[in-house]
Amino acid sequence: MKKGRVFSGARPTGKQHIGNYLGAIQNYVKLQQDYDCIYCIVDVHALTTLEDTHMLKANTHDMMLDWLAAGLDPQKSILFVQSHVPEVMELHTLLSMVTPLGWLLRVTTFKEKVKMQPHNVNYGLVGYPVLMTADIVLYKADIVPVGEDQLPHLELAREIVRRFNNIFGETFPEPQAKLTNFPMVLGLDGEKKMSKSLDNHIELAASPEETTRRIMGAFTDPARKFRNDPGHPEVCNVYSLHHFYTYLKLEEIGKQCRAAEIGCVECKRMLADNINKALAPFREKRAQLAEKYVDEVLADGARRAHAIARETMKEVREKMGLP
Ligand code: ADP
């Protein structure tokens, strides 16, 4: 007997990075044991920024390869593409009728997007959190594994659900966020969250050489200018990644850094080696997955997701009084 239902989605931005893995994917994998899990590549969300749309297919494929190699199992989870189950667009429209515009205009990510693309402040952009709510509640998910950056969206999803349930009667569970112990992985610049669009990331599928090259270029403690300066691991980006990849030696590295017994170059080399070691099985598995297999997984996922979506929409239409 499973404990409940899990849903999460990610935009098809291409190959996944270690921020995605540490912040979200590792939970996707773990939750498969005890929950009914549904994981979705949200291609319609990607259209809100209308860049690189010709890459959507290739990016979707790359992302699914990463998810499968990281341990998502189509026998245990439903893995599918958002636009393959068009009921989500219908639910988005219906939920938009109970969502006050003021709630959406206040969302920080919307304000950021307006600044980033003033030439393209489209209707879909402001409705992004409503579509995300539709994604989650179409499958009546209880738990949503995400990184910290998604928490405001999830809070809004809960508000929309509460409003819908108040007006039309108890229909959807209020979804709860599930964070990993690494909910906000900093990028190699040490300033912003790790993100592909900021090019401060390490792809899970990168070669060992590329991984090492990127780590060697990472920013560390800004106060440590010379090899003999004592370091401050608590503010160092590289040290924060050691938490995950070198946890057994973490205290030792911290002490050595504070006492200037190891330099940043040595510390980074150790991190690069450990990341490469940790990712070797993933990289090997990914290289063995066939193109055709991914297509089969997605077709089967869409079929299974569709069956649930149809049921929910039947109930929603009835509750909303649609003739
Ligand atoms: P990106 O920011 O690279 O475009 P997405 O927005 O598609 O990635 O995020 C996919 C999932 O990975 C989300 O659950 C998100 O919260 C999580 N995530 C993304 N970047 C990070 C990060 N740097 N640290 C922790 N979690 C992250």
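Scope of the values below: all heavy atoms of this structure, side chains included, with no hydrogens, waters or symmetry mates. Both ligands and their constituent atoms are indexed starting at 1 by order of listing.
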Original post:
Which atoms of ligand 1 sit under 4.0 Å from any heavy atom of Gly23?
Top reply: 25 (C), 26 (N)
Original post:
Do Lys140 and Glu311 sit within salt-bridge range, that is, some charged N less than 4.0 Å from a carboxylate O?
Top reply: no
Original post:
Less than 3.5 Å between some nitrogen or oxygen of Val185 and one of ligand 1, yes or no?
Top reply: yes
Original post:
Mind checking whether Ala10 has an N or O less than 3.5 Å away from an N or O of ligand 1?
Top reply: no
Original post:
Looking only at atom types and distance, does a side-chain atom of Gln26 sit under 3.5 Å from a main-chain N or O of Leu22, one as donor and one as acceptor?
Top reply: yes
**OP:** Decide, yes or no, whether a salt bridge links Glu148 with Lys193 under the criterion of side-chain N to carboxylate O below 4.0 Å.
**Re:** no
Subject >> Nearest non-hydrogen protein atom, atom 7 (O) of ligand 1 >> reply: Arg11 N, 3.6 Å
**OP:** For atom 3 (O) of ligand 1, find the nearest protein heavy atom and state the residue, atom name and distance (0.1 Å precision).
**Re:** His17 NE2, 2.9 Å
**OP:** Indicate yes or no: does an N/O atom of Ser8 lie under 3.5 Å from an N/O atom of ligand 1?
**Re:** no
Original post:
Got the closest protein heavy atom to atom 25 (C) of ligand 1, with its distance?
Top reply: Pro183 O, 3.2 Å
Original post:
Any luck finding a side-chain donor-acceptor pair between Arg283 and Thr211 under 3.5 Å?
Top reply: yes
**OP:** Can you sort out which atoms of ligand 1 are near Lys196, meaning under 4.0 Å from one of its heavy atoms?
**Re:** 3 (O)
Original post:
Counting heavy atoms only, which part of Met184 comes closer than 4.0 Å to ligand 1: side chain, backbone, both or neither?
Top reply: backbone
**OP:** Could you name the option among Asn200, Val146, Asp149 that has the heavy atom nearest to atom 16 (O) of ligand 1?
**Re:** Asp149
Original post:
Do we see a donor-acceptor contact under 3.5 Å between the side chains of Tyr28 and Ser8?
Top reply: yes
Subject >> Check ion pair Lys15-Asp66 (N to O, under 4.0 angstrom) >> reply: no
Original post:
Are Lys255 and Glu252 close enough for a salt bridge, meaning some N to O gap below 4.0 Å?
Top reply: no
Subject >> Flag for Asp135-His45: side-chain donor and acceptor within less than 3.5 Å >> reply: yes
**OP:** Among all protein heavy atoms, pick out the one at the shortest distance from atom 27 (C) of ligand 1; state its residue, atom name and that distance to 0.1 Å.
**Re:** Gly19 O, 3.6 Å
**OP:** Show which atoms of ligand 1 fall inside a sub-4.0 Å distance from at least one heavy-atom site of Gln150.
**Re:** 16 (O)
**OP:** Could you check atom 14 (O) of ligand 1 against the protein and tell me its nearest heavy-atom contact, residue, atom and distance included?
**Re:** Gly147 N, 3.3 Å
**OP:** Please write down residue, atom name and distance for the protein heavy atom closest to atom 2 (O) of ligand 1.
**Re:** Lys193 NZ, 2.9 Å
**OP:** Indicate whether the side chain of Thr180 and that of Asn27 have a donor and an acceptor atom separated by less than 3.5 Å.
**Re:** no
Original post:
Which protein heavy atom lies closest to atom 8 (O) of ligand 1, and at what distance to 0.1 Å?
Top reply: Asn20 ND2, 3.4 Å
Original post:
Do we see a donor-acceptor contact under 3.5 Å between the side chains of Ser195 and His201?
Top reply: no
